[in-house]
Amino acid sequence: VQLQASGGGLVQAGGSLRLSCAASGRFFSSYAMAWFRQAPGKEREFVAGINWSGGSTYYADSVKGRFTISRDNAKNTVYLQMNSLKPDDTAVYYCAADEDARVRVRVAQEEASYQYWGQGTQVTVSS
(Lines give C-alpha, C1' and ligand atoms only; values in the text may rest on other atoms or scores of the structure.)
Protein backbone atom coordinates (compact mmCIF):
# COMPACT_ATOMS: atom_id res chain seq x y z
CA VAL A 1 0.00 0.00 0.00
CA GLN A 2 1.32 3.42 -0.92
CA LEU A 3 -0.13 6.63 0.49
CA GLN A 4 0.28 10.04 -1.13
CA ALA A 5 -0.69 13.06 0.94
CA SER A 6 -1.32 16.46 -0.61
CA GLY A 7 -3.07 19.76 0.03
CA GLY A 8 -0.78 21.38 2.55
CA GLY A 9 0.31 24.98 2.32
CA LEU A 10 0.55 28.36 4.00
CA VAL A 11 -2.64 29.89 5.37
CA GLN A 12 -3.53 32.70 7.73
CA ALA A 13 -5.05 32.02 11.12
CA GLY A 14 -8.78 31.45 10.78
CA GLY A 15 -8.40 30.05 7.29
CA SER A 16 -9.09 26.58 5.91
CA LEU A 17 -7.26 23.82 4.07
CA ARG A 18 -8.29 20.39 2.85
CA LEU A 19 -5.75 17.61 2.88
CA SER A 20 -6.11 14.55 0.69
CA CYS A 21 -4.47 11.16 0.93
CA ALA A 22 -4.67 8.87 -2.09
CA ALA A 23 -4.01 5.18 -1.54
CA SER A 24 -2.94 2.48 -3.91
CA GLY A 25 -4.02 -1.14 -3.59
CA ARG A 26 -7.18 -3.19 -3.69
CA PHE A 27 -8.11 -3.25 -0.02
CA PHE A 28 -8.40 0.40 0.89
CA SER A 29 -12.06 0.03 1.85
CA SER A 30 -11.12 -2.43 4.60
CA TYR A 31 -8.54 -0.18 6.25
CA ALA A 32 -9.03 2.30 9.03
CA MET A 33 -7.36 5.58 8.13
CA ALA A 34 -5.96 8.36 10.24
CA TRP A 35 -4.16 11.65 10.15
CA PHE A 36 -1.26 12.39 12.48
CA ARG A 37 0.86 15.51 12.72
CA GLN A 38 4.30 16.45 13.96
CA ALA A 39 5.25 19.97 14.89
CA PRO A 40 8.90 21.06 15.15
CA GLY A 41 10.48 19.73 18.31
CA LYS A 42 7.42 17.68 19.24
CA GLU A 43 6.39 14.07 18.96
CA ARG A 44 3.98 12.96 16.29
CA GLU A 45 0.41 13.01 17.54
CA PHE A 46 -2.95 11.62 16.50
CA VAL A 47 -5.28 14.14 14.86
CA ALA A 48 -8.25 12.23 13.46
CA GLY A 49 -9.26 8.70 12.48
CA ILE A 50 -12.03 7.05 10.50
CA ASN A 51 -13.17 3.46 10.33
CA TRP A 52 -13.34 1.37 7.17
CA SER A 53 -16.88 2.39 6.26
CA GLY A 54 -16.67 6.02 7.26
CA GLY A 55 -19.38 5.49 9.84
CA SER A 56 -17.18 6.23 12.86
CA THR A 57 -14.77 9.10 13.30
CA TYR A 58 -12.47 10.14 16.15
CA TYR A 59 -10.68 13.39 16.87
CA ALA A 60 -8.05 14.75 19.17
CA ASP A 61 -9.53 17.21 21.63
CA SER A 62 -7.42 19.99 20.14
CA VAL A 63 -9.16 19.76 16.74
CA LYS A 64 -12.71 18.75 17.65
CA GLY A 65 -15.25 21.03 16.06
CA ARG A 66 -12.69 22.43 13.59
CA PHE A 67 -11.44 19.42 11.61
CA THR A 68 -13.46 16.80 9.75
CA ILE A 69 -12.13 13.50 8.46
CA SER A 70 -13.93 11.71 5.64
CA ARG A 71 -13.25 9.08 3.03
CA ASP A 72 -14.34 8.09 -0.45
CA ASN A 73 -13.73 4.36 -0.89
CA ALA A 74 -14.57 4.54 -4.58
CA LYS A 75 -11.63 6.92 -5.02
CA ASN A 76 -9.32 5.27 -2.47
CA THR A 77 -8.95 8.64 -0.79
CA VAL A 78 -9.24 10.04 2.71
CA TYR A 79 -9.64 13.74 3.43
CA LEU A 80 -9.03 16.10 6.31
CA GLN A 81 -11.00 19.33 6.16
CA MET A 82 -9.36 21.85 8.47
CA ASN A 83 -11.26 25.01 9.40
CA SER A 84 -10.54 27.84 11.83
CA LEU A 85 -6.86 27.05 11.66
CA LYS A 86 -4.56 28.26 14.42
CA PRO A 87 -0.79 28.79 14.49
CA ASP A 88 -0.63 25.76 16.84
CA ASP A 89 -1.87 23.62 13.94
CA THR A 90 1.42 24.21 12.10
CA ALA A 91 3.00 20.81 11.50
CA VAL A 92 3.77 18.15 8.96
CA TYR A 93 0.61 16.11 8.49
CA TYR A 94 0.81 12.40 7.76
CA CYS A 95 -1.87 9.99 6.65
CA ALA A 96 -1.72 6.41 7.82
CA ALA A 97 -3.50 3.14 7.12
CA ASP A 98 -4.32 0.27 9.49
CA GLU A 99 -4.90 -3.03 7.67
CA ASP A 100 -5.77 -4.79 10.94
CA ALA A 101 -8.62 -2.42 11.70
CA ARG A 102 -11.36 -5.06 11.53
CA VAL A 103 -9.98 -6.89 14.55
CA ARG A 104 -9.92 -3.76 16.68
CA VAL A 105 -12.77 -2.48 18.79
CA ARG A 106 -12.28 1.04 17.56
CA VAL A 107 -10.01 3.10 15.34
CA ALA A 108 -6.53 3.12 16.85
CA GLN A 109 -4.95 6.35 18.00
CA GLU A 110 -1.45 4.93 18.48
CA GLU A 111 1.22 5.22 15.79
CA ALA A 112 2.29 1.63 16.26
CA SER A 113 -1.12 0.37 15.08
CA TYR A 114 -0.59 1.76 11.59
CA GLN A 115 1.40 -0.20 9.05
CA TYR A 116 1.46 2.24 6.15
CA TRP A 117 2.38 5.93 6.11
CA GLY A 118 2.35 8.71 3.58
CA GLN A 119 5.25 11.07 3.07
CA GLY A 120 3.72 14.03 4.90
CA THR A 121 2.49 17.42 3.80
CA GLN A 122 3.46 20.70 5.45
CA VAL A 123 0.76 22.93 6.92
CA THR A 124 1.85 26.36 8.10
CA VAL A 125 -0.58 28.73 9.80
CA SER A 126 0.54 32.32 10.18
CA SER A 127 -0.76 34.60 12.91
Side-chain angles (χ1 to χ4, degrees):
V1 175
Q2 292 186 326
L3 303 176
Q4 181 73 39
S6 62
L10 173 63
V11 64
Q12 289 188 331
S16 299
L17 283 174
R18 188 173 85 152
L19 306 183
S20 299
C21 176
S24 64
R26 297 165 52 194
F27 303 109
F28 175 80
S29 62
S30 68
Y31 298 160
M33 299 295 296
W35 289 93
F36 288 75
R37 67 187 181 186
Q38 187 168 22
K42 295 187 178 180
E43 294 186 350
R44 191 154 55 182
E45 63 177 0
F46 174 84
V47 174
I50 188 167
N51 75 336
W52 63 274
S53 68
S56 296
T57 56
Y58 304 86
Y59 297 94
D61 288 342
S62 59
V63 307
K64 278 181 184 176
R66 300 188 298 121
F67 290 11
T68 302
I69 188 171
S70 62
R71 67 190 296 161
D72 185 338
N73 286 342
K75 295 183 178 179
N76 276 20
T77 302
V78 64
Y79 305 97
L80 184 69
Q81 178 66 45
M82 305 185 294
N83 298 330
S84 302
L85 282 161
K86 305 175 181 179
D88 284 349
D89 296 317
T90 295
V92 177
Y93 283 71
Y94 299 89
C95 58
D98 177 11
E99 67 180 354
D100 297 328
R102 296 216 182 199
V103 302
R104 305 193 201 281
V105 174
R106 56 177 287 170
V107 173
Q109 299 188 20
E110 304 77 23
E111 286 188 57
S113 296
Y114 291 84
Q115 300 79 30
Y116 305 104
W117 292 82
Q119 85 287 3
T121 186
Q122 176 71 48
V123 172
T124 303
V125 185
S126 63
S127 57

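Residues take their numbers from the sequence shown, with the count starting at 1.
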Q: Keeping to residues at least two apart or across chains, list the disulfide bond (SG atoms under 2.5 Å apart) pairs with something in residues 86-127.
A: Cys21-Cys95

Q.
Among residues at least two apart in sequence or on other chains, which ones pass side chain to side chain contact (heavy atoms under 4.5 Å, CB included) with Ser53?
A. Asn51

Q. Got a sec, which pairs hit salt bridge (charged side-chain N to carboxylate O under 4.0 Å, His left out) with one end in residues 92-102, sequence neighbours left out?
A. Asp98-Arg104

Q.
Ser70: which residues meet the side chain to side chain contact (heavy atoms under 4.5 Å, CB included) condition with it, sequence neighbours left out?
A. Tyr79

**Q.** salt bridge (charged side-chain N to carboxylate O under 4.0 Å, His left out) contacts touching residues 63-83 (sequence neighbours left out)
**A.** Asp61-Lys64, Arg66-Asp89

**Q.** All side chain to side chain contact (heavy atoms under 4.5 Å, CB included) counterparts of Val123, not counting sequence neighbours
**A.** Leu17, Leu19, Met82, Tyr93, Val125

Q) Can you find a heavy atom in the side chain of Phe28 that is under 4.5 Å from one in the side chain of Thr77? A) no

Q) Among all residues two or more places apart in sequence or in another chain, which pass the ring-ring contact (aromatic ring centres under 6.0 Å, His included) test with Trp117? A) Phe36

(Q) Ser56: which residues meet the side-chain hydrogen bond (donor to acceptor under 3.5 Å, both in side chains) condition with it, sequence neighbours left out? (A) none

Enumerate, atom names and distances included, each donor-acceptor pair closer than 3.5 Å involving a side-chain atom of residues 38-48, sequence neighbours excluded.
residue : atom : partner : partner atom : Å
Gln38   : NE2  : Lys42   : O            : 3.1
Arg44   : NE   : Glu111  : OE1          : 3.1
Arg44   : NH2  : Glu111  : OE1          : 3.0
Glu45   : OE2  : Arg37   : NE           : 2.7
Glu45   : OE2  : Arg37   : NH2          : 3.2

**Q.** Partner set under side chain to side chain contact (heavy atoms under 4.5 Å, CB included) for Ser24, not counting sequence neighbours
**A.** Gln2

(Q) Show every side chain to side chain donor-acceptor pair (under 3.5 Å) that has at least one partner inside residues 5-20, sequence neighbours left out. (A) Ser16-Asn83

(Q) Listing request: all disulfide bond (SG atoms under 2.5 Å apart) pairs with a residue in residues 58-94, at least two apart in sequence or in separate chains. (A) none

